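Here is the naming used below: chain letters follow the sequence lines, and residue numbers restart at 1 for every chain. Everything numeric here is computed off the predicted structure, so don't read it as measured data.
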Amino acid sequence: MTQLEDVVRLPAPRRVALGWAFFERQTNLWKRYWAWEVVWVVYGVVNTLAITFIAKEASHGGLIRPGEVSRLTLFLLIGTLTWAYLSAVLDDMSLVITWERWEGTIEHTFMTPVSRTIHLIGMSVFGVVHATIRTAVIMACALPFFDINFSHVNWTEVVAVIAIGSVSLVGLGILTGILPMLYPERGVQMSFMVQALVLLVSGVYYGIDVLPGWLQAASHLSPATFMLNGVRAAMLNGAGFGSEGRTLLILAIFGLVMVPSSLVVFAAAERWAKKTGRLKRQG
Amino acid sequence: MNSAIRRPSEVPDDQVPLDVRNVTKRFRRRGRGQSQPGPGGRRRTYHTAVHSVSFRMRPQEIYGVIGANGSGKSSLIRILSTLIIPDEGDVLIFGRDALRSPASVRPLLNRVSADPSFFRAMSALENLLFYGRAYGIAGPLVRRRSLDLLTRLGLEHEAKEPMTELSRGQQQKVAVARAFLTGPRLMLLDEPTTGLDPRSKRTVQSFISDVRRDGVAILLTTHDMEEADQLCDRLAFLAGGRIVAEGTSEELRAHVAGSTTRNADDVDMEDVFMAFTGRSIEEDEEEPESREELQNDTA
Ligand SMILES: Nc1ncnc2c1ncn2[C@@H]1O[C@H](COP(=O)(O)OP(=O)(O)OP(=O)(O)O)[C@@H](O)[C@H]1O
Ligand SMILES: [Mg+2]
């Protein structure tokens, strides 16, 4: 892996400066496309409300006791917000190649001396920051609609789960970002399908034990499953590092395995694209 | 100009900027093309875009690559840009192996392609800022150089407009600025003046001769024979992916004159183009393909 070696050889401030190029570019793009951000936030808020109101309906319909409404509300809220965060990160990462294909800039970007590792890490950091801001805004807009008691939430644990889980999410994002490089026409649709599968198997709005056995097996391959478990334990039961240490450890292992392997797969896919002339066809 | 150009000092001025040895690139094709056994013995249709191309540029030279549409010019430039990996051959850029260690040559290179591609919603300056930073140049320096280059190209008022507000020709000039911003030692120009009005064309052409004086070697493709004649020290004619002739424009004119019993002074570069690419196109489309197919089928 010469790429990784190159990254290690550069002094740290230079690596940061190169990664910053991508962060700054995405910020500039984001500013110009602010109307889209509004669309996504509105969509996120509406989605959050639509799903979380199910808790009220369940109590009205007599499906749950009134005392359980607050807990179900929080359960569903955790699902929608975690999913808003997850899909924002995955969306940003799936655009790594696609966006540059639309613009036609991919060849120029791939000619720069920035290693792919720094390029992708710069994009990931932007994705995580972007997703955090968007999710916080959605949460701030949705909370006034519900009466939720946060007194027993262990916030440190929540932040730890999300922070550690995000690393593996980035790995997953890099993997889905590869698809548009391999399949210029269908790649985007394929990365949406991967997202949809993650949504199904990770148990966003239900515990995975309600899934059929064979789907549960797939659940354990998705880091999102463990992220959701961790966030739920910390928010619903106030669980801390002691009882949730195992979840954090699993998430850390996911991250340690998925990020390097997604970088290796990306490099292989890039090489293949360069051999078959798929990077860009024009001119 | 010197203020706008940064020269990576590790490369000595007298080193050969580009040495291309026997480079061949085949692409898979759905339709017409040579049929060859692919991996796993399966028969697939291939089209040879670049065919055993070898040449060597001299320090600070402007080397023109001329050829009909589809003759392989852009494919060759993509190979040199580390964007396409060839099937065979070697590419040395200032003595560094571009195929085995592409990262080592990228800081020395830049390229202008036939279509100026940018992040459209961003301004020229924001685009240049990104590309400058991606070559490891500090932000304030990128901004200064960018404004300097854009001014030289007559775009000082458009620097902060979104790229979508610029005309195609203006965008092409920003592409020229982007390429020179990073102080490349080998510049690959793929039809840099296509679509420019006569005055803009002049601006870009004089810009190109200027930077050559700063020690940049330039590989240029163009369909403008006058431009080729005026700018290039030597020319190579590409037909069907092969180099069919190489030399100064005088040498090539004399050669064509000799083979047609005309006076060299009466032969212009368009005649040279016709002579070297016209015949070869037919040759490329019929003879070699069927010939190779026969060889392959009997092999
Ligand atoms: N990535 C690719 N995949 C498949 N075929 C390709 C690819 N790139 C180029 N080709 C084919 O290789 C041949 C040479 O194309 P190339 O773009 O290099 O020509 P060119 O000389 O630049 O032409 P023009 O003057 O029109 O720009 C063409 O037949 C083209 O279809
Ligand atoms: Mg071309």
Choice from B/Leu83, B/Asn69, B/Ile84 maximising heavy atom contacts with chain A below 4.5 Å
B/Leu83

Contact origin within A/Phe22 toward chain B - heavy atom pairs under 4.5 Å
both

Side chain, backbone, both or neither: which part of B/Lys73 has a non-hydrogen atom closer than 4.5 Å to chain A?
neither

Pairwise distance OG1(A/Thr105) to CZ(B/Arg120) - rounded to 0.5 angstrom:
8.5 Å

Measuring heavy-atom distances to chain A, does B/Phe119 have an atom under 4.5 Å in its side chain, in its backbone, in both, or in neither?
both

Between B/Ser81 and A/Glu107, is there a side-chain heavy-atom distance shorter than 4.5 Å?
no

Is the OH atom of A/Tyr43 crowded by more than 12 outside heavy atoms at less than 6.0 Å?
no

Given side chains that start at C-beta, do those of A/Thr276 and B/Arg28 come closer than 4.5 Å, heavy atoms only?
no

Using a cut-off of under 4.5 Å on heavy-atom pairs, state which of A/Glu100, A/Lys275, A/Met111, A/Arg14 scores highest against chain B.
A/Met111

Out of the candidates A/Asn28, A/Leu29, A/Thr109, only one should pair with B/Phe130 under the side-chain contact (heavy atoms from CB on, under 4.5 Å) rule; please name it.
A/Thr109

Between A/Pro113 and B/Ala134, what is the shortest heavy-atom contact and its length?
CD-O, 3.5 Å

Once rounded to the nearest 0.5 Å, what's the spacing between atom CD of B/Glu126 and atom CD of A/Glu24?
8.5 Å

Supply the atom-to-atom distance B/Met163 CE to A/Glu103 CD, rounded to the nearest 0.5 angstrom.
10.5 Å

Pairwise distance OH(B/Tyr131) to NE2(A/His108) - rounded to 0.5 angstrom:
6.5 Å

Residue from B/Ala121, B/Gly139, B/Pro86 scoring the most non-hydrogen pairs under 4.5 Å with chain A is B/Ala121

Is B/Ser101 close to chain A through its backbone or its side chain, or both, or neither, when contacts mean heavy atoms under 4.5 Å?
neither

Would B/Arg133 and A/Arg25 count as a side-chain contact (heavy atoms from CB on, under 4.5 Å) here? Give the steps.
CA-CA 10 Å; B/Arg133 279 199 199 279; A/Arg25 181 191 83 189; over 6 Å; no

Quick check on B/Arg168: does its CZ atom have over 12 non-hydrogen neighbours (other residues, nucleotides or ligands) under 6.0 Å away?
yes

Look at atom CH2 of A/Trp36 and say whether more than 12 heavy atoms of other residues, nucleotides or ligands are closer to it than 6.0 Å.
no

Are there more than 12 heavy atoms of other residues, nucleotides or ligands under 6.0 Å from atom CH2 of A/Trp99?
yes

